[in-house]
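Below is one structure; the comments refer to it alone.
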Amino acid sequence: MASRYDPQTAEPKWRAAWETGDVYRAKSPDKAGDAPKAYILEMFPYPSGRLHMGHVRNYAMGDVVARYKRAKGFNVLHPMGWDAFGMPAENAAMKNKVHPGEWTYKNIADMRAQFMKLGLSLDWSREFATCDPEYYGAQQEIFLKLFEAGLIYRKASKVNWDPVDQTVLANEQVIDGKGWRSGAPVEQRELTQWFFRITDFAEELIAGLETLERWPEKVRTMQANWIGRSEGLQMRFEWAGSAPEDVSEGIEIFTTRPDTLFGASFIALSPDHPLALQLAEGDQALQAFRTECAKVGTSEEAIEKAEKIGFDTRLTVKHPFQDRDLPVWIANFVLIGYGTGAIFACPAHDQRDLDFARKYQLPVLPVVLPSGEDAGSYEIGKDAFTGSGRLVNSGFLDGKTIDSAKAEAIDRIESLGHGHRTVNYRLRDWGVSRQRYWGCPIPVVHCPECGIVPLPVGELPVRLPEEVSFDVPGNPLERDETWKSCVCPKCGGEATRETDTLDTFVDSSWYYARFASSENLAERAYWLPVDQYVGGVEHAVLHLLYARFIARAMGQVGLMDIASGEPFAGLFTQGMVTHETYKDPDGNWINPSEVNFEGETPVHEKTGAPIKVGPIEKMSKSIRNTVDPDAMIAQYGADVARMFTLSDSPPERDVEWTRAGVDGAARFAQRVWANFDALPAAPTTHAATGDSDLRRTSHKSVATIEQAVDEFRFNSAVATMYEWTNAIKKAAETAAEADRVEACSLFARCLQLFMPHLAEECWSRLGHRSLIVHAAWPKTDPALLEDDLITMPVQVNGKRRSEVQIAKEAAPKDVEALALADPAVSAHIEGKTVKKVIVVPGRIVNIVVT
RNA sequence: GCGGGCGUGGUGAAAUUGGUAAACACAGCAGACUUAAAAUCUGCCGGUCGUAUGGCCUUGCCGGUUCAAUCCCGGCCGUCCGCACCA
C-alpha cells in the first residue's frame, strides 16, 4: 500500500535532528582544515514581526547556495540577524504605548520562530540585533575611530527634512522629492549635522565597480550613475570694469564643455551661491527673487514644470579668450550642491541655457557645427545642439573636434592661470544624523569649554535611556535632561550628550563583518568578503553603496581587512513575489484567503459579494494581496512553499504566487516520495554498474542541476528535477534495482538544496543512518554523461527534414553520406543540385541545394 | 531628457548564447479507476491545411549578415526599472 508523505510530521522531526546535531555551525578557521570558506549571506531582515513571502524566496535562494557549497566541501558561514533600529518601533511606541525595545525584541522572537519553521541551514549561534548594546557599542567604537581619522565631520547645511518622521534624510533616501519611508514631501532645513566623508572614496567606489564581475550589470550602472563622475574644467572668471571690491576675486565655475567657451553668453549663479547671499543683503529685489526660488518644490513634477527664472546682478566678468564681457545672472536652475554652484552658459549647446537665454533675450552663439551644415547659415532654433561636430567661431579652436577642443581649451586656461582640469562627482557626503530615539547614539559630548569631545572607548556603549516617552513629537533624547547631562571627558566640566542618533543604514553597512566575528579581526579577515550576497534590488544604491564605503573606511583605520576592498564579491538581486489583487463592490481590498473561487465567478467567502480580480502586484499589506507563509507552511509544509518560490520564474524576475502553482509543487513532493516508496523495504546496497538509460539520465541530471545552480538558474534546476522524477517513475518497472537505488540516491542529494526535509526523509528511506546534510555532492560518471550513439537533425536549406542516428565519433564524411541516404532527405533533394553539405560534429547537418 | 533591462503558446517559462523553437510546469480537453466526488494515472495540447504520413507559417515589427538567427548588426514599436535642471 503506497504511503503519502506528510510534511506535518516529517518536517519538525528533521528540524529537531538538525538542531540536535548542530549541523549548520560554521567551523572556526583553525578547525576548517583544507576546506575552503564560503560566506553566504542574505540581506538581514527588519523585524517587523511577520514573515512574508518575499522573505521566503530571498532566504530560500541563499539556502540553496549555502547547502550546495556545504555539500561541495566548503566551510560555510550562513548567519542570521536583525536590522532592528528604525522608525516603525517608534511609531508602534506612539500608537500602543509600548517601549520600542520591547516591541522590537518581541517581534524578533516571533519572526525567529517563523524562520525556524522554514528549515533554513542557518548558523544561529552568531545571531544579533543591531539594537543590542553590544552591537551598537561596537558601532560607536567604529564611529570614534573614523572620527579620529577625519572621516566624520560636522557642518551646518541645508538638509532634507521629513516633516512626518520629523527627521533628516540622506540624499539617497529622498525618492522623487519624498521621504523614502513616510512618502511625505521633503522640506529643506538648515541644520548642523554629522557627515561621513563618502566623497573621499568616490574615485575608489567608481573604480571598484569594475572589479565586481559577479554583480548584476544593472546595479553597477546604478551606482556609477549615482556617484556621477564627470571630468571637466574648473576656472575663474575675473571681474570686468569696476569690480565690487568687497566681494570675491571672481567667479569660480565648473564645466564639462570648455570647448564651448567661445559661445559663452552669460554667467549664472545658484540662488544659494555665497555671492548671491552677499548681494542680497542690500537688495530687496534680490531677496524677493531668492524667496521665489525657494518656493519651488523638489519633486520631479515641480522641477519639470518650474519655469526658469533669473535675476540680473548688473555685474560683468571678462571672457578669458576674447575682449568681451559677460553679464552675471542669478538663475534658479543652477544647483548649489554641484560643482561650484556657478556656471558659464553656452545657450547654443545646452538646452537649459538656451531656454533661459531666449526668455531674457541673451545672445545665442553657435560654436559647434554639425557636419553638413554651413557655418554662414547655421542657426539655433528651439533646440540646443548637443551632438558632435567641428568648432567654429572659436578662434584657436576652429576646425577641431569637440574632444580635442576640450583638451586645448583646458590647456590654454591652465597656462593663463585661470583654472585647472578637475573631476567632479555627483555624490555628496553622507549625512548620518537622525533626530530619533531608536537608533545608535553618537558617542560625543558637547562641552561649553572644549566644544565637541569624543567619548573615550572605555565609556562605551553609550546606552539609550530606558525611560522614554513619545507623547510629544520630535526626538525624546532631546527632552531627556537626565540622560543628556554628563561630564566632559576632557575638562571634567558639565557637558551634554549628542542627541542625534545614527542613520540605520550605518547599522547595516558593517553587520556582515560582525557576523564573521564579533571581535576577532583575523577571523573577520578569514571570512570576508561575503562570497555570495542575496537581496532585493531596491538596495542597489543605498545599502550597497554605504557598505562598500564603510568597508573601505574601516579598512583604513584597521578594523577590516579585505584585499579587494569590496565587502560583497558576488551579488544576486532577486525578484519580488507578486499576487493577483481583489476588490469587493465597495472598492475595499480583499485578501486572497477571503475569496472563494469555487463558483463560476469569485465571491467573498463570508458575505458572498462578487469579487473583482485586479492586476498582479507585489505582495503588500496596503493592497492586502499577501499570502501568509505560516498558513502555507501549515497547509503544505515549508519545502513546498520554498520550492514554489524557486520553481516558476527565473530568480531575478518576479514570481506570481498562485494557488495552482503551489498545488503543483505539493504534487511534485508526493511524486518524489512515491518513487522512493516504490523501492523494496530494504533497498539493495550493491552499487550500480554498467550502462542503462536510467543511469545516463540520472548522471546527466546531476550535471545539469549542478551547472544551473552554479549559474543561479534555480528554475531550470527545478525543471530538471521534475523531468528526472518522471524518468525514475517510468523506469520503475524496467530498470535494475541497483540503478533505481542509485537514481534515488543521487536525486535525494540534489533535492536537498530545495526541499531539505523531504530529502532527509528520502535519504532515510534508502537506509542511511546519517543525515543528508552531511552527504557530499554526488560525483558523476563521465562515461555516462556522453552518449555513444547520438541523434543528429538533418536540415535541407536550413529546414529540419529528418534526423539520423550515428556514432558520436563518426567522421563528418560518414555523417554526410548517411544524411544524404536518408529517405526523408532524398525526397527533398531529388532533382536538385547539392551545392554544399555542412556537418557540425555532434550538432547538426545542413544540406544546401539549389 | 540620460542610463539599463525586457518582448517566445491560453499562462509562468526553456533553448548547452549561432545549430531540431516551445523542455518542465500551470490552465484546458479527452479517457481510465470510482455508485459518485476527491486523489491518482494515461493521452492530447503554438497556428493552419489534412483522416493521416506530412506540408506551410510562427520567438513584438521591418530590414541585414549567415549554409543556419529567439541569439549577431541596423532601424522602428511597446513595456518595465533607475536617475534626473548634475552644467
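Every chain is numbered from 1, with letters handed out A, B, ... down the list of sequences.
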If the P atom of B:rG10 is compared with that of B:rC45, how far apart are they to the nearest Å?
15 Å

Answer with base, sugar-phosphate or nothing: what part of the nucleic acid does A:Tyr722 contact at a heavy-atom distance below 4.0 Å?
sugar-phosphate

Mind checking who B:rC41 pairs with, Watson-Crick or G-U wobble, both distances under 3.5 Å?
B:rG31

Using a 4.0 Å heavy-atom cut-off, does A:Val840 contact any base of the nucleic acid, only the sugar-phosphate backbone, or nothing at all?
base

When you compare B:rC73 with B:rG18, how far apart are their C1' atoms, in angstrom units rounded to a whole number?
13 Å

Return no unless some side-chain N or O of A:Ser647 is found under 4.0 Å from OP1 or OP2 of B:rC24.
no

Less than 4.0 angstrom between a side-chain N/O of A:Arg713 and OP1 or OP2 of B:rA15, yes or no?
yes

Is the phosphate of B:rG4 approached by A:Lys218 (side-chain N or O, under 4.0 Å from OP1 or OP2)?
no

Derivation and outcome, side-chain contact (heavy atoms from CB on, under 4.5 Å), residues A:Thr791 and A:Val804:
CA-CA 6 Å; A:Thr791 305; A:Val804 293; over 6 Å; no

Under-4.0 Å side-chain N/O to phosphate OP1/OP2 contact, A:Asn726 with B:rA25:
yes

Pairing check on B:rA15: which nucleotide meets the Watson-Crick or G-U wobble criteria with it, both distances under 3.5 Å?
none

First of A:Thr221 and A:Lys729 reached from the 5' end of RNA chain B, by closest nucleotide
A:Thr221

Checking B:rG12, B:rU20, B:rA15 against the side chain of A:Arg800 (C-beta onward), the nearest is B:rU20

Looking for any heavy atom pair under 4.0 Å, which part of the strands does A:Gly664 touch: base, sugar-phosphate only, or nothing?
sugar-phosphate

P-based separation of B:rG43 from B:rC61 [nearest Å]:
34 Å

In this structure, are over 12 heavy atoms from other groups packed under 6.0 Å from A:Lys618 atom NZ?
no

Checking all strands, does A:Thr704 fall into the base, sugar-phosphate, or nothing category for heavy-atom contacts under 4.0 angstrom?
nothing

Walking RNA chain B from its 5' end, the first of A:Asn846 and A:Arg667 to be reached, judged by nearest nucleotide, is A:Arg667

Which part of the nucleic acid, if any, lies within reach of A:Val334 when heavy atoms closer than 4.0 Å are counted: base, sugar-phosphate only, or nothing?
base

If the cut-off is 4.0 Å, is A:Arg801 near the phosphate of B:rG55, judged by side-chain N/O to OP1 or OP2?
yes

Between A:Tyr722 and A:Gly664, what is the shortest heavy-atom contact and its length?
OH-O, 4.1 Å

Which whole number of Å gives the distance between the P atom of B:rG78 and that of B:rG60?
16 Å

Working for side chain to side chain donor-acceptor pair (under 3.5 Å), residues A:Arg421 and A:Gln234
CA-CA 6 Å; A:Arg421 191 172 261 107; A:Gln234 181 164 334; over 6 Å; no

Using a 4.0 Å heavy-atom cut-off across all strands, classify A:Arg671 as base, sugar-phosphate, or nothing.
sugar-phosphate

Taking only side-chain nitrogens and oxygens of A:His828, does any of them come within less than 4.0 Å of OP1 or OP2 of B:rG55?
yes

Starting at CD of A:Glu723 and ending at C1' of B:rC24, how long is that distance when rounded to a whole Å?
6 Å

Whole-angstrom distance between B:rG9 and B:rG3, as gauged at atom P
30 Å

Taking a pair as Watson-Crick or G-U wobble with both distances under 3.5 Å, which nucleotide is matched to B:rG78?
B:rC6

Please determine whether ring-ring contact (aromatic ring centres under 6.0 Å, His included) holds for the pair A:Phe597 and A:Tyr582, giving the CA-CA distance in whole Å, both sets of side-chain angles, and the decisive distance to 0.1 Å.
CA-CA 12 Å; A:Phe597 294 95; A:Tyr582 308 106; 5.6 Å; yes

C1' gap between B:rA25 and B:rC83, integer Å
38 Å

Side-chain N or O of A:Arg426 less than 4.0 angstrom from OP1 or OP2 on B:rC83?
no

Take atom C1' in B:rC56 and the same atom in B:rA23, then report the distance between them in whole Å.
25 Å

OP1 or OP2 of B:rU16 under 4.0 Å from side-chain N/O of A:Arg843:
no

Any donor-acceptor pair under 3.5 Å joining the side chain of A:Lys835 to the base of B:rC67?
no

Ignoring backbone atoms, establish whether A:Asn715 has a side-chain N or O less than 4.0 Å from OP1 or OP2 of B:rA14.
yes

What is the separation between atom CG on A:Asn424 and atom P on B:rC85, rounded to the nearest whole Å?
16 Å

Base, sugar-phosphate, or nothing for A:Glu656, non-hydrogen atoms under 4.0 angstrom?
nothing

Ring of A:Trp226, cation from A:Arg426 - is the NZ or CZ under 6.0 Å from the centre and inside 45° of the axis?
yes

Base, sugar-phosphate, or nothing for A:Lys799, non-hydrogen atoms under 4.0 angstrom?
sugar-phosphate

Flag the pair A:Phe333 / A:Asp353 as yes when at least one side-chain heavy-atom distance between them is below 4.5 Å, and no otherwise.
yes

Looking only at the side chains, is there a donor atom on one of A:Trp430 and A:Thr199 sitting less than 3.5 Å from an acceptor on the other?
no

Syn or anti conformation of B:rG31, syn meaning chi within 90° of 0:
anti

In whole angstrom, give me the gap between the P atoms of B:rU48 and B:rU40.
32 Å

